[in-house]
Amino acid sequence: MVVPHTHWDREWYLPFQRLRVGLVRVLDEVLDAMAADPAYRFTMDGQLAAVEDYLELRPARRGDVARFVAEGRLAVGPWLILADEFLCSGETLVRNLEYGMRGAAALGGAMPVGYLPDQFGHCAQMPQILSLAGLRLACVWRGVPAHVDRDAFDWTGADGTTIRTCYLPGGYANASGLFSGPAEGLPGRVAAFASAARGWAAGDTLLAMCGGDHSAPVREITAPGLRVATLAEALAGLDERPGDGLPRVTGELRSHARAHILPGVVSARVHLKQAMARAERVLVRYAEPLSALWPADRSVRERLIDMAWRSVIACGGHDSVTGCGSDETAQQVAARIAEAGQTAQAVVDLVTASLAGAARKDALVVVNPSPFERTGLVLADLPEDRAALADGQGRPVPVQRLEHAATLLGETVMDDLSALLGRVHERALYGHEIVSWTVGDGVFTVTVSRHACGAYAYEDLRRAVLDAGPGPWLVRTVAEPVVTVAALVTVPPLGRAVLTARPAAPMAPAPVAHALRADPYGFEPVLDNGLLRVRVADDGTLSLRGAGGVEVRGVGRIVHGGDAGDTYNHAPPPGDLLLDRPSHVTVEEICSGPLTGAYEITRSYDWPAAAGDATAVPTAVTTRVELRAGEPFARCEITMDVRCRDHRVRWHAPLPRAAAQSYAEGQFAVVRRGLTAEGGGGERPVATFPAESFAAAGGLAVLLDHVTEYEITEYEITRDGISGSGTEMALTLVRSVGYLSRDHNPCRDAPAGPETPAPAAQCQGPLTVRFAVLPYAGGWHDAGLPRLAEEFRHDLLAVPGTGTGDTEDTGGAAGTDWGGRLAVGGDGVVMAALRERDGRLEVRLVAEHPTATEAVVQGDFTAAWTAGVLGSPLSPLEVSHDEGGSLRTARVPLRPFEIATVHLAMA
């Protein structure tokens, strides 16, 4: 069965708009061929975006596209774009499918096949995601393990969902050469293809994928009498055939055995991965939930959210966020990711402006993005004379003073003091609000505040200026004395707490659970809150001891090595020299108190300028380690100025106990991985893997704020340097290379793309990487790592009040805590998304737990039911009423790693 198609990279070695010109040419030819030949079929790569890109430039051909889709001759969708499945969140994958299937339906219908032709491996939850969207067939190429010896296999996802999967031996262009030679040689080429394909055939159909990158097969493809079909037609009935004798695969597909999976893209251009995670987080966990729970301009926020999602999804492309494109492409992707994050932040601004307006100017509104009660730190700038906080019941909130803000904001000389009035807008001056002013001895002093309280009249200021007389005048702008404090706030699930500034009272401080303990001697740099003890060693590494007695030393060793590879594959140069010893170490205390303590560790290194260049480049690596009250993990922020080229810098931590496997969270699952990778496909197998929110092994966990490459290595530090016994976890901080692809990469037997210089992939300049580290006892689920990752990744949101004090507070009386519309509990139950959908709340839940569990959903809803990921209702849930209150409860039994979408009709 011949399947004419194209594989269309929207952006890669050329940026999007330059490649789109070729797309117009190709689809013009395809549509013309379909109009002239009713037998012609075409499959548009499983992604709708390329069709939308075409119709944006050829709007007159929308009718042709819709007609051919309706006739079943042109297959579009089901995806919006072909995403890299490991470099975006699981929720982004679901929305990608949602946008693709909805857009394809508007053209006549989506292809009912989860076509994934060129992704660099496949995530463990893909079978469940496809199944929940009504797709029971997948079609893949890369990542398939060696024991798959047929062109069909059963693929079981992390939760146990199994779908029939078509494997493409030789890739998505396995028959691209059928029509490349003389016509008289076609029978021979067909016979040769059939002979090779029969060795893989699990049935009677031999799938000939005729097409390639950025091209379409010749029009004459139907002339020789070959059976021509769309991919859906070719695979029709495959999912209904008995599975007896078919290979079975469970979990993610990341084997090197059958094809290159190009694992180095996880660490290429790390700034793209950081920006993608920030944009997803703001959109999914702040913009959508906040706008669903609190009033805002509905039409504006819905449009902004839609715009942000389209940008985020587009940037998840397998040649986009991966960083394996040209520098021009990477710049464009970075700009789009930034715009997506800014668009989502605009929605957050809309909602928080409403919340701030409902609170007085001496108040602080703190919002909890998590579906359970949180106690955490927020920072606030408070007037020196009101540097204490009280909650809605008037109880003192624990605070710790951190620093004072500068009071003199600026001064200038004015001959005509009336010029000052031109800089005053109502009460605003230089972005602040005027509190008062004084005149004397040739100095006119204006005192301002971020949010001024008290009486003010512009006419009084004008009169004072005019009465002052001629100058010159020294005009000073000073701020009210302000102190920055850290406050430990308890906030209801998906709710808010409104705190009020007040004068500090001479009374006992508010009680703090697991406060930081003061070192009675002060001889050593130590942080201790009873849950975790952190000590900074002389070499700048950390010693950690958890409450369960698990202890580890030497955490945070920085290791520098060379990289002779490219954006696709890391390749150590011959005789690679690993450097890990700093030439100088300094440790400085940043803050110390009951709520937070931090040290800044600066280690100086002399690293080679580039692979093969022994010129030393002095580099300072600064680690800020912070421990907060009540947190069992140490927060780390590593900064450096990247000045070397062709190198890789990793952060190493010994494991408390030897590990034969690791666990990594990402895309709705916690995946167990071994210490090696399966090879055999012309690419050196490497055991570097991606993790989204945490990676754990041997009693040590790292909580992450963006998808990060990690590896469990067999190294340990000794007096003589690095030896090969023991186990460590290594996180890649930065990987610097200068080529999109190298024709002769020693870790790959063939080019992955054109040998295009990519100097910006050296990632030169300032770099900051954030994560947290903790030792733990038992398994990853015993330590509650999904919950800890939730708290680390999603900060409480603090917004100063802007109201006048008499504003009607729609969530309750001003100054009170508010929550209760929705809360989610359950062992290992994670809230992946919350949004308003067609007048109801939609919450996406995932059981990140190795055994069956139950999600408990509470709120002021009147009815609840489960739904598919595309929004279609499935089955009603029993709702129980909370006697004496308005809350109702729905319980959702969940299999390990089951994804459940719940719709709630709110009261």
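Computed from a predicted model, the values in this text were never measured in an experiment.
Using modelled atom types, one side-chain atom of Ser736 and one backbone atom of Gln762 make a donor-acceptor pair closer than 3.5 Å. Counting only distance, with no hydrogens or angles, the side chain of Arg285 and the backbone of Glu790 share no donor-acceptor pair below 3.5 Å. One N or O on the side chain of Lys273 and one on the backbone of Ala268 form a donor-acceptor pair closer than 3.5 Å. Formation of a donor-acceptor pair under 3.5 Å by the Asp416 side chain with backbone atoms of Ser418 is found in this model.
Ring-plane geometry between Tyr456 and Trp437 is classed as perpendicular, the angle between the planes exceeding 60 degrees on a 0 to 90 degree scale with a lower cut at 30.
Atom CG of Asp391 and atom CG of Leu364 lie 12.5 Å apart (nearest 0.5 Å). Between the CG atom of Asn368 and the CD atom of Glu373 there is a distance of 8.5 Å, given to the nearest 0.5 Å. Considering CZ of Arg95 and CZ of Arg310, their distance stands at 12.5 Å, rounded to 0.5 Å. Rounded to the nearest 0.5 angstrom, Leu703 CG and Arg770 CZ are separated by 10.5 Å. Rounding to the nearest 0.5 Å gives a distance of 9.0 Å between CG of Leu733 and OG1 of Thr708. A distance of 9.5 Å separates OG1 in Thr622 from CZ in Arg603, rounded to the nearest 0.5 Å.
Minimum heavy-atom separation, Val351 to Leu290: CG1-O, 3.7 Å. Taking both residues in full, the closest heavy atoms of Ile305 and Ala287 are given as CD1-O, 4.4 Å, listed atom of the first, atom of the second, then distance. The minimum heavy-atom distance between Met831 and Pro369, with the atom names listed, is CE-O, 4.0 Å. The shortest non-hydrogen separation linking Arg502 to Ala390 is NH1-CB, 3.7 Å. The two residues Glu589 and Ser592 come nearest to each other via the heavy atoms OE2-CB, 3.7 Å. When all heavy atoms of Thr768 and Glu637 are compared, the pair lying nearest together is CG2-CG, 3.6 Å.
Looking only at side-chain heavy atoms (C-beta outward), Asn529 and Arg628 stay at 4.5 Å or farther from each other. The shortest side-chain heavy-atom distance between Met307 and Trp309 does not fall under the 4.5 Å cut-off. Val799 is not listed as a side-chain neighbour of Leu355, based on a closest heavy-atom distance of 4.5 Å or more. Side-chain contact between Pro594 and Gln400 is present, with heavy atoms from C-beta onward closer than 4.5 Å. Looking only at side-chain heavy atoms (C-beta outward), Pro472 and Asp415 come within less than 4.5 Å of each other. Contact of the Pro398 side chain with the Leu595 side chain is registered, since non-hydrogen atoms from C-beta on lie closer than 4.5 Å. Counting heavy atoms from C-beta on, the side chains of Val769 and His706 come closer than 4.5 Å. Using a 4.5 Å heavy-atom cutoff, the side chains of Cys88 and Val321 are not in contact.
Other residues, nucleotides and ligands contribute only 12 or fewer heavy atoms inside 6.0 Å of the CD atom of Glu426. No more than 12 heavy atoms of other residues, nucleotides or ligands shown are found within 6.0 angstrom of CZ on Arg476.
No hydrogens or angles considered: a donor-acceptor pair under 3.5 Å links the side chains of Thr92 and Glu280. For Ser320 and Glu11, the side-chain atoms include at least one donor-acceptor pair closer than 3.5 Å. Judged by distance alone, the side chains of Tyr286 and Asp795 never bring a donor and an acceptor atom under 3.5 Å apart. Of the N and O atoms on the side chains of Glu791 and Ser370, not one donor lies less than 3.5 Å from an acceptor on the other residue.
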Trace of the side chain to side chain contact (heavy atoms under 4.5 Å, CB included) decision for Leu382 with Val399
CA-CA 11 Å; Leu382 302 177; Val399 297; 5.6 Å; no
Walk me through whether Leu377 and Glu631 qualify under side chain to side chain contact (heavy atoms under 4.5 Å, CB included).
CA-CA 10 Å; Leu377 284 192; Glu631 292 186 347; over 6 Å; no
Should Arg278 and Gln345 be marked as a side chain to side chain contact (heavy atoms under 4.5 Å, CB included) after you check the CA-CA gap, both sets of side-chain angles, and the distance that decides it?
CA-CA 10 Å; Arg278 285 193 298 268; Gln345 185 60 48; over 6 Å; no
Carefully, step by step, assess Tyr599 and Ile590 under the rule side chain to side chain contact (heavy atoms under 4.5 Å, CB included).
CA-CA 5 Å; Tyr599 286 97; Ile590 301 302; 5.8 Å; no
Residues Asp327, Gln331; criterion side-chain hydrogen bond (donor to acceptor under 3.5 Å, both in side chains); working and verdict
CA-CA 6 Å; Asp327 284 350; Gln331 291 163 5; 5.6 Å; no
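For Arg835 and Glu91, the salt-bridge test fails: no basic side-chain N is under 4.0 Å from an acidic carboxylate O. Ion pairing between a basic and an acidic side chain is recognised when a charged N comes within 4.0 Å of a carboxylate O; Arg336 and Glu339 show no such pairing. For the pair Arg401 and Glu384, the salt-bridge criterion is met [side-chain N within less than 4.0 Å of a carboxylate O]. The pair Arg821-Asp860 meets the salt-bridge criterion, with a side-chain N (NZ, NE, NH1 or NH2) lying under 4.0 Å from an Asp/Glu carboxylate O. With respect to the salt-bridge test (charged N to carboxylate O, under 4.0 angstrom), the residues Arg624 and Glu600 do not qualify.
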